[in-house]
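Structure, as structure tokens:
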Amino acid sequence: MAVTLNASTTAGLVQTADTSGVLALQTNGTTAVSISSGQVVTLTNPIGGGTTVQVFTSGSGTYTTPANCKAILIELIGAGGGAGGGNAGYNTAGATGSAGGNTTFGSLTGGGGPGGTVSAVPPAGGTATGGDVNITGARGGSSVQQSSGAVGNSGGSGFLGGGVGPGGDGQPAPTPSANSGSGGSSTGTSSSGVPGGGGSAGGYVRKLINSPAATYSYAVGAGGAAGSATFNSSSAGAAGIIIVTEFYV
């Protein structure tokens, strides 16, 4: 039994009463909401929910918001810069690595990380704009001239991880994890030389969008190329990524 409030299609609002302490809200004789004497609410037709995820790892295009999606959470990171190229010989700088490309989603931008260069203070990582959270990418390892032996440099690690350390003498430069937005790394040498500076990471953006628009343009930044080297090797930066989590009601 229950106290009922029924919106009838023939009699308007109809009430019944008892002493059960239970309240039932009805439409046309069917209970939609029941509230117990302990104030526990039960819905006859519970609200739906759940999430889906779309991930973009390359290229550009148009994102379409799914039907019945009420909010989207965007995480994106710009591409990492390539490591600079190393040069044999003292006081001879190597080539600067190329910058990573920007990753965008609507008005959100994770800037690509700069390429590695010969500098005691490597360039700051990619910028980040438009989000609830905006984090500049990590710097790559600094490169200084060595008169006897040269140690390679790490690439800046992206916010989602995936960065790598330097390679050993005569070994291929380690490659950052795919779509991590991390910078490329370089290897050293046992002789004199200038190792390539590590590439810097791309910027990270996180944004919750309630009542999203029907479509958004997007682009995923490509990793920057490594600078040319005359000794050992350097690696390219990793591409960026866009992760869209979709919420339904």
[X] and [Y]: which non-hydrogen atoms are nearest, and at how many Å?
| X | Y | answer |
| --- | --- | --- |
| Thr65 | Cys69 | CG2-CB, 3.8 Å |
| Thr57 | Ala239 | O-CB, 4.5 Å |
| Ala201 | Ser157 | CB-O, 3.5 Å |
| Pro114 | Gly126 | CD-N, 4.1 Å |
| Leu76 | Ile242 | CB-CG1, 4.0 Å |
| Ala173 | Ser186 | CB-CA, 4.2 Å |

Does any N or O in the side chain of [X] come within less than 3.5 Å of the main-chain N or O of [Y], such that one atom is a donor and the other an acceptor?
| X | Y | value |
| --- | --- | --- |
| Ser180 | Ser182 | yes |
| Ser235 | Pro174 | yes |
| Asn68 | Tyr248 | no |
| Thr187 | Ser233 | yes |
| Ser234 | Gly84 | yes |

Any heavy-atom pair between the side chains of [Y] and [X] that's under 4.5 Å?
| X | Y | value |
| --- | --- | --- |
| Ser185 | Pro176 | no |
| Val53 | Ile243 | yes |
| Ile241 | Leu160 | yes |
| Pro122 | Thr117 | no |
| Ile74 | Val205 | no |

* Structure fact -> Sorted by chain and number, sequence neighbours left out, side-chain contact (heavy atoms from CB on, under 4.5 Å) with Thr51 holds for Thr245, Phe247
* What pairs meet the side-chain hydrogen bond (donor to acceptor under 3.5 Å, both in side chains) rule with one or both residues in residues 197-221, with sequence neighbours excluded? -> Glu75-Tyr204, Asp132-Lys207
* **Spacing of OG1 belonging to Thr103 relative to CG belonging to Asn179, to within rounding of 0.5 Å** =>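 Going from OG1 on Thr103 over to CG on Asn179, the span is 9.0 Å.
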* To do: Starting at CD1 of Ile72, measure out to CD of Gln54 and round the result to the nearest 0.5 Å.
  =>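 Ile72 atom CD1 to Gln54 atom CD measures 9.5 Å (nearest 0.5 Å).
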* Linked, directly or transitively: Phe159 and Leu108 (ILVMFWY side chains, under 4.5 Å) ->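 Hydrophobic grouping puts Phe159 apart from Leu108.
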* Which pairs with one or both residues in residues 61-80 pass ring pair (Phe, Tyr, Trp, His ring centres under 6.0 Å), sequence neighbours excluded? ->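 Of all non-adjacent pairs touching residues 61-80, those that pass ring pair (Phe, Tyr, Trp, His ring centres under 6.0 Å) are Tyr63-Phe105.
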